[in-house]
Amino acid sequence: MKRSDFRIAPSLLSADFARLGEEVRDVIAAGADLMHFDVMDNHYVPNLTVGPLVCEAIKPHCSVPIDVHLMVKPVDRIIPDFAKAGASIISFHPEASEHIDRTLGLIRDNGCRAGLVFNPATPLDWLDHVMDRVDLILVMSVNPGFGGQSFIPSALEKIAAVRKRIDASGRDIWLEVDGGVKADNIEKIARAGADTFVAGSAIFGDKDRAGATARMREALKRATMPS
Ligand code: DX5
Ligand code: ZN
C-alpha cells in the first residue's frame with residue numbers, strides 16, 4: 001500500500017465540544033484527511049452525542065470530508081438529515097437496520113458513500129450479498145459507545161479477513177478501523193490491511209495534534225516497507 005492511500009480520521013468524540021469549530025480547524029491543519037463524526041443515541045449504544053445540527057454547524061469549518069459513524073437504531077429516518085448536513089460518508093451497524101440493502105441504497109441515493117460497521121462480535125457474513133453496495137467497511141476494534149478504550153487484538157484477524165474480501169471483490173472499498181488506534185499500534189493495523197484510521201484520544205488528547213498525526217504517518221510509512 002502506498003503512503004498516499006492511508007487516511008487518518010480524527011474522531012470528534014474526544015474534542016472540546018465547547019470549541020468545536022476551532023477543534024475541527026486545528027486537526028485539519030494538523031493533517032487530518034477525514035473528520036470522523038460519532039453519532040450515539042443512548043439506545044443502540046449507552047451514550048448520547050450529537051446529531052445533524054452539529055454536523056451542519058461544523059461543515060463550514062471542515063475542508064475535509066465528514067465521515068459520519070451512526071451508532072443509532074433505527075437508522076433510515078436520520079440518513080437524509082445527515083446528507084443535507086454535509087456528510088460525505090455515512091456508516092451504520094447492520095444490527096441497527098431491519099433492511100441492510102435498503103439502508104445502503106438510501107445512503108447512496110442521498111449522494112453519500114455508504115459504510116457498514118462491524119462490532120467485535122459481529123460476523124462478516126453480513127457482507128456476503130452487499131459487496132457491490134458498500135464503499136467502506138468499518139471494523140470496530142472496541143465495543144462502540146466511548147472513546148479512550150483499548151484496542152482489542154482480535155480485530156487484526158478480522159481486518160485481514162475483510163482485506164481478503166475487498167481484494168477478491170476488485171472494488172475500491174475503504175477499510176477503516178475505529179477504537180484504540182495509536183501511533184504505537186497503527187503500523188500493525190495497516191499491515192493487517194486497513195487503509196483508514198480513526199483516532200480520537202490519540203489525536204485530540206495530545207496538545208500537539210500535528211505531532212500526534214505526524215507520528216502516525218511515520219508509523220504508516222514503516223507499514224509500506226518489508227517487515
Ligand atoms: C467509539 C467511537 C470511536 C471513538 C474512538 O464508539 O466510534 O470513534 O471516538 O476513540 P479512541 O480513538 O479514543 O478509541
Ligand atoms: Zn466511530
Side-chain angles (χ1 to χ4, degrees), residues 6-17 20 23-24 27 30-51 54-55 58 62 64-73 75 78 82 87-96 107 112-122 136-156 158-159 162 174-190 194-207 209 212-213 215-217 219-220:
F6 292 130
R7 287 165 288 262
I8 295 178
S11 162
L12 276 182
L13 193 60
S14 293
D16 177 353
F17 276 62
L20 219 41
E23 291 281 74
V24 165
V27 289
D33 300 300
L34 300 169
M35 196 59 54
H36 188 78
F37 191 90
D38 288 302
V39 183
M40 305 184 185
D41 68 349
N42 187 39
H43 170 68
Y44 178 65
V45 290
N47 200 357
L48 186 64
T49 59
V50 287
V54 176
C55 184
I58 64 156
C62 203
V64 300
I66 302 178
D67 171 31
V68 171
H69 175 191
L70 294 179
M71 288 160 274
V72 304
K73 185 180 182 175
V75 289
I78 205 80
F82 275 104
S88 294
I89 305 164
I90 301 179
S91 303
F92 66 98
H93 292 248
E95 301 92 338
I107 295 170
C112 297
R113 288 165 63 84
L116 206 52
V117 192
F118 292 84
N119 284 335
T122 305
L136 175 143
I137 298 168
L138 172 48
V139 174
M140 292 304 300
S141 37
V142 297
N143 285 293
F146 303 94
Q149 303 180 76
S150 300
F151 185 90
I152 297 173
S154 62
L156 291 173
K158 198 168 198 175
I159 293 161
V162 174
W174 293 3
L175 203 179
E176 185 170 41
V177 178
D178 185 3
V181 177
K182 312 275 174 207
D184 64 7
N185 63 10
I186 199 168
E187 179 183 345
K188 62 181 178 206
I189 301 170
D195 53 39
T196 306
F197 306 86
V198 177
S201 45
I203 292 179
F204 280 101
D206 195 321
K207 279 206 177 68
R209 276 82 185 262
T213 311
R215 279 193 297 282
M216 289 189 169
R217 292 236 189 259
L220 287 171

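In each ligand, atom 1 is the first atom listed, and ligand 1 is the first ligand listed. Scope of the values below: all heavy atoms of this structure, side chains included, with no hydrogens, waters or symmetry mates.
In the model, Asp38 has a side-chain atom that pairs as donor or acceptor with a side-chain atom of His36 under 3.5 Å.
Screening Val117, Val39, Ile107 against Leu70 for a side chain to side chain contact (heavy atoms under 4.5 Å, CB included) leaves a single residue, Val39.
Contacts of ligand 1 (protein heavy-atom distance under 4.0 Å) are Ser11, Leu13, His36, Asp38, Met40, His69, Met71, Met140, Pro144, Gly145, Phe146, Gly147, Gly148, Asp178, Gly179, Gly180, Val198, Ala199, Gly200, Ser201.
Nearest approach of Phe204 to Pro10, heavy atoms of both residues: CE1-CB, 3.7 Å.
Excluding waters, the set of protein N, O or S atoms lying under 2.8 Å from the Zn ion (ligand 2) comprises His36 NE2, Asp38 OD1, His69 ND1, Asp178 OD2.
Look at Asp33 and Arg217 and you find a salt bridge, because one of the NZ, NE, NH1 or NH2 atoms lies within 4.0 Å of a carboxylate O, short of that distance. A salt bridge is defined here as a Lys NZ or Arg NE, NH1 or NH2 lying under 4.0 Å from an Asp or Glu carboxylate O, and Arg215 with Asp206 meets this definition.
Of the possible donor and acceptor atoms, one in the side chain of Lys158 sits under 3.5 Å from a partner among the backbone N and O of Thr122. Between the side chain of Asp195 and the backbone N or O of Leu175, at least one donor-acceptor pair lies under 3.5 Å.
Scored by the salt bridge (charged side-chain N to carboxylate O under 4.0 Å, His left out) test, Asp41 finds no partners at all (sequence neighbours excluded). For Arg209, the salt bridge (charged side-chain N to carboxylate O under 4.0 Å, His left out) test picks out Glu23, Asp26, with sequence neighbours left out.
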